[in-house]
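Okay, so here's the structure we're looking at.
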Amino acid sequence: MLRSHTCGELRKSHVGERVTLAGWVDKYRDHAGIVFIDLRDRYGRAQIKFNLEDNSNTQKEARGLRHEDVVQVIGEVVARPDDMVNPKLATGEIEIRVNELKVLSKSANPPFLIDQPDLPNEELRLKHRVVDLRRPELQNAMMLRHKFTKIVRDYFDRHGFLDIETPILGRSSPEGARDYLVPSRVHPGCFYALPQSPQIFKQLLMCAGYDRYMQIARCFRDEDLRADRQPEFTQIDLEMAFVEQNDVLSVVDGMIAEVLKTLKGIDSPVPLPRYTHAEVMERFGSDKPDMRFGMELTDLKEIAADCGFGVFSKTIENGGRVRGLVAPQAAEKYSRKNIDALTAFVGDYGAKGLAFFRVNESGLDSPIAKFFTEEHQKAIIEKMGAKPGDLIFCVADKASVTSAALAALRNRLGKELELFDPKAFSCLWVVEFPLLQFDAEADRWVAEHHPFCYPHPDDIELLKTDPGKVRAQSYDLVVNGYEAASGSIRIHDPAIQQQIFDLLNIKAEEAERRFGFLLEGLRYGAPPHGGMALGLDRWVMLLCGYDNIRDVIAFPKTQKAADLLSGAPSTVDEKQTKELYLELNLPEE
RNA sequence: GGCCCUGUAGCUCAAUUGGUUAGAGUACCGGACUGUCGAUCCGGUGGUUGCGGGUUCGAGUCCCGUCGGGGUCGCCA
């Protein structure tokens, strides 16, 4: 070993010991006669000092050290004088009086400093990810990510789950996200698809009798990126046989309680609260509400239908909805200009306007207040539970637009008005999603979750009469407004599976061709089963308190799905494409 | 594909209404300094203002195009 201790572990109890440390030069303070260096590794930092009297040659060499040089030092742990203790450092009570110095590797001048006060722009950080990964924030994220997966693996192991790997090279399936494809050399013209999730394979494992499965699985989806979406990401994937919905939710309730307790010291309720999809859509306008704060939506149908404001009354007449929310004590905080910005903001979600009222002692103050009688104003205030100083926002539109716009507005106002503790965790289940959604453009039904989702037992008959009303035995776990997990009870009956394929307009021949291996698995004695997948990257992001998943992934990709470090994706030699029988057909410049 | 933000020294930023030789802090280089911990003090090097056009007597600044990065809508079973 090139070191006897790490840079973070030395304490007063080590005083007098001769130690060998190795690490990176974090900071240097050269006083000519004495040189201080903060030596860094992932365990922490320690101050090493080079005194002229101790070893003049070593001291001279130390004066030439610069940021990010890698060195090994041998010296004695000494206590710092009382007035020289650095309370900011865990090792601040001691320092190492160095006799011997070995430069293991001299660093070129780094593109940015590890602890510079303003973070360099992300493009530079991604290009020089090796340097970036030395930053304590990223090191903490990687360490927390490791602890998280360890807790999860141990938890599922204790509960009898088997960790089984599924293929990365699979077959392309219809529906769902765009696949990443891998051309086959051995089968000219054929392609593998990288898995969007191990969905079908884990169902087959259930059929095969591996009744509790889990895997930390890499998944790939060739869709546009977001702050919380990467083209390759990691799921904690699990599946259980001989279970009902409540059994799956209970197992994960336990896992989450353990994770939050161990990593954050938080006691989370067991079981976690459960809400139906219909309820959260009505109360929050979103299927992933951030419940760290209230500000629920209010329906204003009766008042809107009766009032003199044409935009409201006509919307109701045409079958739309008028809904609103109350921003507490925001009347003074938002100028007309601020509100115009909010109006533009909800415009992104399809809202054609944003009505607002400032609440005062006598009623409502607004450019449109004149369209509302004193009774209407009182009714609005009462219905919405508003108080003087509050600011009311309303959207009149078709139902889906009022939901999307107000949900986005609610999230934005919640942040801007600091209505919640950013360190809090709010976890909840949303259950009973609709099974299907009608795609007007394609003129057909599409699966809301995926085509293997078991319908709610009370709604099986509706499949024939009113498919849009069928609820699924599916569930999402929502954490602080993020979809943190998703799953369902699966169909284990080939006849019902066939019925769903029919509804989705997947022909028997096509279903056989593309999912034949699943149907085949279901044919020879399939146990009732269900499971879910948790978004590992999102969980780590939330546990770290970060707002994008790139900061919890060692080597993430940019919004254009490029790896700035390695230069992927790249062109390849013609020899390679020839071997794969591929010819490029690039668009004209 | 749409909308928005963004690109100036190695890094973080500034530069008035379009107007002199594009500045500061930090890093880096040289010098001083034996108790610093964002060390301090003195001096110095460092610029294709992402790239390409255009308008103008004059462009970091205005216009058009383009490339990169970020946010978001669509998209993401």
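Heavy atoms only: backbone and side chains are in, while hydrogens, waters and symmetry mates are out. A, B, ... follow the sequence lines: proteins, then strands. Residue 1 opens every chain.
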Hey, does [X] reach any base, or is it just sugar-phosphate, or nothing, if we go heavy atoms under 4.0 Å?
{"X": "Asn109(A)", "value": "sugar-phosphate"}
{"X": "Glu483(A)", "value": "nothing"}
{"X": "Asp224(A)", "value": "base"}
{"X": "Tyr349(A)", "value": "sugar-phosphate"}
{"X": "Gln47(A)", "value": "base"}
{"X": "Leu504(A)", "value": "nothing"}
{"X": "Asp83(A)", "value": "nothing"}
{"X": "Arg125(A)", "value": "nothing"}
{"X": "Gln199(A)", "value": "base"}
{"X": "Tyr28(A)", "value": "sugar-phosphate"}
{"X": "Ser173(A)", "value": "nothing"}

Can you tell me which nucleotide in [options] comes closest to the side chain of [X]?
{"X": "Glu123(A)", "options": "rG68(B), rU12(B), rG35(B)", "answer": "rG68(B)"}
{"X": "Pro111(A)", "options": "rC76(B), rG10(B), rC37(B)", "answer": "rG10(B)"}
{"X": "His67(A)", "options": "rA27(B), rC76(B), rG35(B)", "answer": "rA27(B)"}
{"X": "Arg80(A)", "options": "rA39(B), rU26(B), rG35(B)", "answer": "rG35(B)"}
{"X": "Ile34(A)", "options": "rG35(B), rC33(B), rG69(B)", "answer": "rG35(B)"}
{"X": "Asn51(A)", "options": "rC28(B), rC37(B), rU34(B)", "answer": "rU34(B)"}

How close or far is atom [atom2] of [N] from atom [atom1] of [X], stated in whole angstroms?
{"X": "Lys49(A)", "N": "rU34(B)", "atom1": "NZ", "atom2": "C1'", "result": "10 Å"}
{"X": "Glu122(A)", "N": "rG70(B)", "atom1": "CD", "atom2": "P", "result": "6 Å"}
{"X": "Asp179(A)", "N": "rC76(B)", "atom1": "CG", "atom2": "P", "result": "13 Å"}
{"X": "Asp551(A)", "N": "rG71(B)", "atom1": "CG", "atom2": "P", "result": "10 Å"}
{"X": "Leu52(A)", "N": "rG35(B)", "atom1": "CG", "atom2": "P", "result": "13 Å"}
{"X": "Arg550(A)", "N": "rG70(B)", "atom1": "CZ", "atom2": "P", "result": "5 Å"}
{"X": "Asp30(A)", "N": "rC37(B)", "atom1": "CG", "atom2": "P", "result": "14 Å"}
{"X": "Leu124(A)", "N": "rU26(B)", "atom1": "CG", "atom2": "P", "result": "20 Å"}

Examine the base of [N] for any acceptor or donor lying under 3.5 Å from a partner atom in the side chain of [X], and report the outcome as yes or no.
{"X": "Arg229(A)", "N": "rC75(B)", "answer": "yes"}
{"X": "Gln559(A)", "N": "rG71(B)", "answer": "yes"}
{"X": "Arg226(A)", "N": "rG74(B)", "answer": "yes"}
{"X": "Asn86(A)", "N": "rC37(B)", "answer": "yes"}

Does the ring centre of Phe36(A) sit less than 6.0 Å away from the ring centre of Phe50(A)?
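Not close enough - the centres of the two rings lie 6.0 Å or further apart.
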Pair Phe220(A) + Phe233(A): ring centers closer than 6.0 Å
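Aromatic pair excluded; centres sit 6.0 Å or further apart.
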Quick one: does Val70(A)'s side chain get under 4.5 Å of Ser107(A)'s, heavy atoms only?
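No, every pair of side-chain atoms sits at 4.5 Å or beyond.
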Taking Asp54(A) as the fixed residue, which of Arg97(A), Lys49(A), Gln59(A) is the one that meets the side-chain hydrogen bond (donor to acceptor under 3.5 Å, both in side chains) rule?
Arg97(A)
Less than 5.5 Å between centroids and less than 30° between ring planes, does Phe36(A) satisfy that with rU36(B)?
yes
Please report the C-alpha distance between Tyr475(A) and Phe433(A) in whole Å, then the side-chain angles of each, then the deciding distance to 0.1 Å, and finally whether the ring pair (Phe, Tyr, Trp, His ring centres under 6.0 Å) criterion is met.
CA-CA 7 Å; Tyr475(A) 31 85; Phe433(A) 277 71; 9.2 Å; no
With a 4.0 Å cutoff (strictly under), does any side-chain N or O of Asn121(A) reach OP1 or OP2 of rC11(B)?
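So the side-chain polar atoms of Asn121(A) never come under 4.0 Å of the phosphate oxygens OP1 or OP2 of rC11(B).
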